[in-house]
Amino acid sequence: TQSTRPQRLLAAVHKKATRGNPRSVVKAIDEFCNQNEWAMNVGNEKGSEILDSVVSETNPGCVLELGTYCGYSTVRIASLLPPHAQLITLEFNPDNAAVARQVIAWAGVAEKVRLVEGESGEWIPKMKEQFGVKTFDLVFLDHWKNRYLLDTKLMEECGLLKKGSVLLADNVVCPGAPDYLEYIRNSPQYKSQFFKSHLEYTKAEDGLEKSVFLG
Ligand SMILES: Cc1ncnc2c1ncn2[C@@H]1O[C@H](/C=C/CNC(=O)c2cc(-c3ccc(F)cc3)cc(O)c2O)C[C@H]1O
Ligand SMILES: [Mg+2]
């Protein structure tokens with residue numbers, strides 16, 4: 001039977017990356033996407049210039065990622081976390097989750113990552129009771145773009161954000177998340193900053209929006 005793109009991406013990781021070396025996993029996926037097949041990973045330009053630097057400067061103890069996909073940004077983030085820090089990542093497509101688990105394991109970051117197979121709307125309200133989360137220091141939004149705003153409001157309602165919590169949203173230009181941007185840039189509860197970049201593996205314009213919750 002035909003393989004899927006995530007399965008072919010995983011095969012490239014097994015073939016090209018060194019087990020236990022997260023940087024080599026990131027490199028193998030970027031090479032696969034540059035040379036073989038485009039895939040919707042945050043990519044190396046946005047990843048190294050924006051995601052990695054926001055993670056490093058935030059030095060988060062507790063991170064939430066919405067939209068694991070194949071685990072590319074999961075591995076980037078996990079490889080930068082301080083010891084004992086935890087990353088919870090939500091993915092509702094079981095085939096994506098299965099690939100992501102193997103990418104995360106191959107990178108050797110599985111002990112820092114809890115991949116939850118399920119829908120953000122269902123699991124955000126369960127974060128405290130199920131995983132003992134108090135608040136998130138950093139949230140990386142990279143799932144369906146029409147869910148960014150809904151899930152941000154849900155995290156506010158569930159008391160999962162505290163003064164200083166950082167929201168980092170991918171693709172606010174392409175494909176775009178207009179309702180999210182309108183809300184977050186006009187809300188007195190957030191201080192937002194746009195980081196201009198390019199759509200992964202292309203020359204098209206894109207960027208990330210970093211928003212600090214003011215409490
Ligand atoms: C609500 C919810 N809960 C849990 N997992 C969820 C979820 N919504 C999506 N997911 C999961 O996240 C992943 C979805 C990510 C959505 N990302 C995208 O649609 C996306 C699309 C593009 C793009 C840009 C230009 C083009 F011409 C074509 C595509 C680029 C990107 O970086 C993207 O993240 C996979 C899905 O199963
Ligand atoms: Mg994205």
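- Salt bridge absent: D137 and K134 never bring a charged side-chain N and a carboxylate O closer than 4.0 Å.
- Annotation: side chain of Y69 is in contact with side chain of N41 (closest heavy-atom distance under 4.5 Å).
- Taking the six-membered ring for Trp, H143 and F92 have ring centres at least 6.0 Å apart.
- Using a 3.5 Å distance cut-off with no hydrogens or angles, the side chains of N44 and R76 do pair a donor with an acceptor.
- The side-chain tip of K162 does not point at the ring of F136 from less than 6.0 angstrom away and within 45° of straight on.
- The line from CG of N93 to OG1 of T68 is 10.0 Å long, rounded to the nearest 0.5 Å.
- E209 has its side chain within reach of S211: a pair of non-hydrogen atoms, C-beta onward, lies under 4.5 Å apart.
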Original post:
Yes or no on salt bridge (charged side-chain N to carboxylate O under 4.0 Å, His left out) for K126 and E122, after CA distance, side-chain angles and deciding distance?
Top reply: CA-CA 7 Å; K126 293 179 182 170; E122 183 202 332; 3.0 Å; yes
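- At least one side-chain heavy atom of V139 sits less than 4.5 Å from a side-chain heavy atom of M155.
- Within the 4.5 Å cutoff, the side chain of V113 has heavy atoms near those of the T89 side chain.
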Original post:
Are F32 and W38 close enough, and set up right, to give a side chain to side chain contact (heavy atoms under 4.5 Å, CB included), and what steps lead you there?
Top reply: CA-CA 8 Å; F32 173 79; W38 188 93; over 6 Å; no
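- Rounded to the nearest 0.5 angstrom, T135 OG1 and L160 CG are separated by 8.0 Å.
- Once rounded to the nearest 0.5 Å, the distance linking CG of L161 with CG of L167 reads 5.5 Å.
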Subject >> Derivation and outcome, side-chain hydrogen bond (donor to acceptor under 3.5 Å, both in side chains), residues D30 and Y72 >> reply: CA-CA 9 Å; D30 285 329; Y72 173 90; 2.7 Å; yes
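- Although no hydrogens or angles enter the test, the distance criterion places no donor-acceptor pair under 3.5 Å between the side chain of E91 and the main chain of L66.
- Residues E117 and P94 are in side-chain contact: their nearest non-hydrogen atoms beyond the backbone lie under 4.5 Å apart.
- Put simply, NZ on K27 and CD on E31 are 4.0 Å apart, with the number rounded to the nearest 0.5 Å.
- Both V55 and V212 sit in one connected hydrophobic cluster of ILVMFWY residues. Membership requires side-chain heavy atoms under 4.5 Å apart, directly or through other members.
- If you take CD on E156 and OG on S187, they are separated by 6.5 Å, rounding to the nearest 0.5 Å.
- If you check the side chains of S120 and D151, you find a donor sitting under 3.5 Å from an acceptor.
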**OP:** Dump the intermediate steps for side chain to side chain contact (heavy atoms under 4.5 Å, CB included) on D95 and T4, then the final yes or no.
**Re:** CA-CA 9 Å; D95 301 322; T4 64; over 6 Å; no
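- Among all heavy-atom pairs drawn from Q2 and Q7, the shortest one is O-OE1, 4.4 Å.
- L150 forms part of no hydrophobic cluster, judged by ILVMFWY side-chain heavy-atom separations under 4.5 Å.
- Looking only at side-chain heavy atoms (C-beta outward), H198 and E49 stay at 4.5 Å or farther from each other.
- Side-chain atoms of W106 come within 3.5 Å of backbone atoms of A17 as a donor-acceptor pair (strictly under, hydrogens ignored).
- Grouping the Ile, Leu, Val, Met, Phe, Trp and Tyr side chains by contacts below 4.5 angstrom, directly or via other members, places L181 with V173.
- No hydrogens or angles considered: a donor-acceptor pair under 3.5 Å links the side chains of S73 and E65.
- Sorted by first and then second residue, the pairs that involve residues 36-47 and meet salt bridge (Lys or Arg N to Asp or Glu O under 4.0 Å), not counting sequence neighbours, are R5-E37, R8-E37, K46-D170, K46-E200, K46-D206.
- Counting heavy atoms from C-beta outward, F140 and V54 have side chains that stay 4.5 Å or more apart.
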